[in-house]
Amino acid sequence: MHKKLTAALSVILSMSLLSACSGNSEPSGSSTLSPDGKSSPAAEKKLKIRAMNILYGAAPPENGSGKKALEERYNIEYEYIPVTAGEYNNKLGVTLASGDIPDTLLFPNLDNIFFNAIDNEQFIPLDKYLQDTKEYPNFAKIPEDLKKVLTYNGHIYGIPRLRGTRGHTIVMRKDWLDKLGLSVPTTYDEFYEVMKAFTKNDPDGNGKADTYGLAIGMSDSGLIGVNAVTAGIQGGSGALANTWTEDGRGGIIPMEFAPKAKEAYGFYAKLYKDGLIAKDFAIKKDQQLEDDFILGKVGANGSSGSTFYTAARYEKARAVDPKFELVALPPFKNADGSQGYMKFPGYFGVFAISSQTAKDEAKVKKILKMLDDMIGDEGATFVRWGVEGTHHKTENGVKALTDLGKTEGPSFYSLTNPPMEGEWIYSGTDTQEIRKMKDIVYKIALEGKPYMNQIDGLYSKTMSDKGADLNKFVADGVAKIVMGEAPVDSIDKLFEEWKSRGGSQVMEEYTAAWKARKSAK
C-alpha cells in the first residue's frame with residue numbers, strides 16, 4: 001500500500017486481510033492493496049494477466065513461490081512468459097506476427113520492431129494513465145526528459161523499466177594487473193600495452209599462451225563486447241547498434257561514420273594484427289564473450305553495465321580462479337581532451353499493453369497498477385525480498401534472501417522497478433563486494449563529459465524498412481577493416497555506398513526528427 005494512505009485505512013485493510021485469510025471475507029468492492037501488498041480475493045474479480053519479459057540467466061520455476069506471491073499481492077492469475085535474451089527479438093517478432101499477443105510485453109528497445117507495432121495499432125497509448133497520479137502515484141517518478149524520449153506521434157506507448165543513466169564501462173582483471181605489476185590504464189595507448197601484456201605475459205600463470213587482451217565479437221549490426229571502448233572514442237561500430245552522435249557541424253551521424261570512426265577502427269585493427277584479440281572474433285557471440293571473460297580467457301570486457309555484476313558470475317569465475325578480481329576503468333582521456341562514456345536516458349525497454357487487452361479496461365488498469373506498484377518503494381521492496389520466512393529472513397534488522405528467495409523469489413517474475421539510484425542499484429543477492437563494485441561503476445560511468453545516443457526514441461521509416469540490410473552491409477565492411485582485409489580509409493567508401501543504399505534518406509529522417517525534438521524542448 002502506498003505510504004500516503006492513512007493509518008486508519010491501514011487498520012481497516014489489515015482487518016480485511018485477516019478476514020480473507022480465515023475464509024470469512026466479505027465483498028468490499030475495493031481494489032486497494034493490503035498492508036503487505038495483497039488484494040483481498042473478495043475485493044474484485046480475479047483477472048488473468050499474461051506478460052512476456054526478457055530473461056537473463058536461468059528461467060525460474062513456472063509456478064514458483066515468487067509467482068504465487070505476486071498472484072496473491074495483485075489478486076491475479078499470472079501467466080509469466082520469460083524468454084532468453086538471445087532469443088527475445090526473434091520471439092517478439094513471431095509473437096507480434098501471430099496476433100496472439102500477451103496482455104503486456106517488453107520492448108527492450110524503441111526500435112523498428114517497436115515502431116512498426118505502434119504504427120500497426122497493436123498497442124495503446126498510455127498518456128492518460130501516466131497523468132493520473134492519484135490512481136498511479138509512482139508514475140510521477142518517471143522523469144519528464146524521459147517522457148520526451150518515449151513520446152512518439154504525440155503519445156507514450158509504454159511504461160519504462162527505469163534505470164540509471166550510467167552506460168557501459170570497461171572492466172578488467174585486477175588480479176592480472178597485480179600479477180604483472182601493471183597500473184590501471186588511463187589512455188588508449190596504455191590500454192593497448194595492458195592488452196599486449198595480458199596476451200603475451202601469461203597472466204593466469206599456467207605456462208600456456210592461451211589468453212587474450214579484450215573480449216570482442218561480431219553480430220549482424222557490428223562489433224560486440226566493445227560498447228564502452230568505442231563509446232570512449234566517440235566513433236566506430238560497437239557503441240550499441242544504431243547509435244548516432246553529433247557530427248560537429250550542427251547535425252548527427254551514425255557512430256560508424258563519426259569523425260573519430262577511423263581512430264576506433266585503427267585501434268581494433270591494431271589489436272587484431274598484433275594478436276591481442278581472438279582470430280575467430282567474427283564468429284563469437286554475446287554468451288561466448290562473457291564466458292571468455294568470466295572463465296579467464298581474456299582480461300578485459302568493454303560492455304559491462306550494472307547488471308554485469310552478479311553473485312552468479314563471481315561464483316562461476318572463482319570456481320576457475322579464486323583470485324578473480326575486477327577493476328572498472330574511468331573513461332580514457334583522448335588526445336583532443338575529450339573524456340566520457342555514452343550515458344543512457346534512464347530506461348531499459350518499455351512495457352506496452354496490447355490493443356486486444358484494451359477491450360477490457362479493468363485488465364488495463366490492473367496491469368498499470370502492477371507496474372505502478374513495482375516502481376514504488378513498497379512494491380519494489382516486496383519484489384526484491386518477497387515473503388518473510390519464505391523468501392527472506394531478518395536477523396538483527398538485516399534482511400537476507402533464503403535459498404528459495406535466490407532461485408524463485410518475486411524478483412524472478414517481476415516486470416519493472418523503481419529508478420535505479422541509492423539502494424535500488426543493488427539486488428537481493430549482491431554481496432558487499434558487488435555492492436562496492438556497483439558504487440564505483442555508477443560513479444565512473446558518468447565521469448568526464450558523457451554523451452547520449454542522439455536518436456534514442458526517434459523513428460526513421462527507411463531504417464525500419466532497410467535497417468537490417470544496411471547494418472549488415474556496414475558490419476561486413478567493418479569486419480574486413482579490423483581483420484586487415486581492407487584499409488581503415490575504406491570507411492569513406494563504405495559510407496558513400498551506405499548512403500546510396502538508403503542511408504541518405506535515413507539521415508534526412510533522423511535529422512529532421514532530431515531537430516524537431518530539440519526545438520520542442
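For this chain, numbers begin at 1 and follow the sequence in order. Computed from a predicted model, the values in this text were never measured in an experiment.
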Inset, instruction - Verify whether one side chain among Y192 and D274 offers a donor that lies under 3.5 Å from an acceptor in the other. - result: yes
Inset, instruction - Measure the CG-OG distance between D286 and S303 for me, rounded to the nearest 0.5 Å. - result: 7.5 Å
Inset, instruction - Scan side-chain atoms only and decide if S237 and Y268 contain a donor-acceptor pair under the 3.5 Å cut-off. - result: no
Legend entry - K316 and D291 ion-paired at < 4.0 Å: yes
Legend entry - Test: E290 and R313 ion pair at under 4.0 Å: yes
Legend entry - For L214 against G302, the heavy-atom pair lying closest together: CD1-N, 4.2 Å
Inset, instruction - Inspect the surroundings of CD in E62 and state if more than 12 heavy atoms from other residues, nucleotides or ligands are less than 6.0 Å away. - result: no
Legend entry - Validation row: M218, V482 side chains within 4.5 angstrom (heavy atoms): no
Inset, instruction - Indicate yes or no: does D372 engage K141 in a salt bridge with an N to O separation below 4.0 Å. - result: no
Inset, instruction - Step through the shown structure and confirm whether more than 12 heavy atoms of other residues, nucleotides or ligands are within 6.0 Å of NZ on K443. - result: no
Inset, instruction - For A328 and P330, work out which heavy atoms get closest and say how close. - result: O-CD, 3.7 Å
Legend entry - Distance-only donor-acceptor check, side chains D292 and Q288, under 3.5 Å: no
Inset, instruction - Apply side-chain contact (heavy atoms from CB on, under 4.5 Å) to L371 and L415, showing your working. - result: CA-CA 7 Å; L371 293 168; L415 302 179; 3.9 Å; yes
Inset, instruction - Using only heavy-atom distances, determine whether the side chains of S221 and K472 contain a donor-acceptor pair under 3.5 Å. - result: no
Legend entry - Nearest-0.5 Å distance that lies between atom CG in D204 and atom CZ in F324: 13.5 Å
Inset, instruction - Please tell me if the side chains of P410 and H391 come closer than 4.5 Å, counting only heavy atoms from C-beta onward. - result: yes
Inset, instruction - May I ask you to check whether over 12 heavy atoms, not counting those of K499, lie within 6.0 Å of atom NZ? - result: yes
Legend entry - Interatomic spacing from CD in E246 to CH2 in W514 - rounded to 0.5 Å: 5.0 Å
Inset, instruction - Examine the side chains of W244 and Q454 and answer whether a donor and an acceptor come within less than 3.5 Å of each other. - result: no
Legend entry - NZ (K399) with more than 12 external heavy atoms under 6.0 Å: yes
Inset, instruction - Flag the pair R318 and E433 as a salt bridge only when some basic side-chain nitrogen lies within less than 4.0 angstrom of an acidic carboxylate oxygen. - result: yes
Inset, instruction - Answer with yes or no whether the side chains of Y80 and N63 bring together a donor and an acceptor at under 3.5 Å. - result: no
Legend entry - Residues E496 and K493 bridged, charged N to O under 4.0 Å: no
Legend entry - Any donor-acceptor N or O pair under 3.5 Å, side chains S304, N301: no
Legend entry - Check: N417/R384 side-chain N/O donor and acceptor closer than 3.5 Å: no
Inset, instruction - Would you please say whether a donor-acceptor pair under 3.5 Å links the side chains of D336 and S338? - result: yes
Legend entry - K406, R435, K438 screened by salt bridge (Lys or Arg N to Asp or Glu O under 4.0 Å) with D430, the one that passes: K438
Inset, instruction - Step through it carefully: locate the ring centre of Y272, locate the ring centre of F281, and say whether they are under 6.0 Å apart. - result: yes
Inset, instruction - Compare every heavy atom of V327 with every heavy atom of L329, then report the nearest pair and how far apart it is. - result: CD1-O, 3.6 Å
Inset, instruction - Answer yes if the side chains of D111 and Y459 hold a donor-acceptor pair under 3.5 Å, and no otherwise. - result: no
Inset, instruction - Answer yes or no: are there more than 12 heavy-atom neighbours, outside K208 itself, under 6.0 Å from its atom NZ? - result: no
Legend entry - Note, L446 side chain near T165 side chain (heavy atom, < 4.5 Å): yes
Inset, instruction - Enter the distance from I113:CD1 to Y88:OH here, rounded to the nearest 0.5 Å. - result: 9.5 Å
Inset, instruction - Would you check if the distance from the ring center of F344 to the ring center of H168 is below 6.0 Å? - result: yes
Inset, instruction - Specify whether F332 and F191 have parallel, tilted or perpendicular ring planes, treating 30° as the upper limit for parallel and 60° as the lower limit for perpendicular. - result: tilted
Legend entry - 4.5 Å side-chain heavy-atom contact, L404 and S65: yes
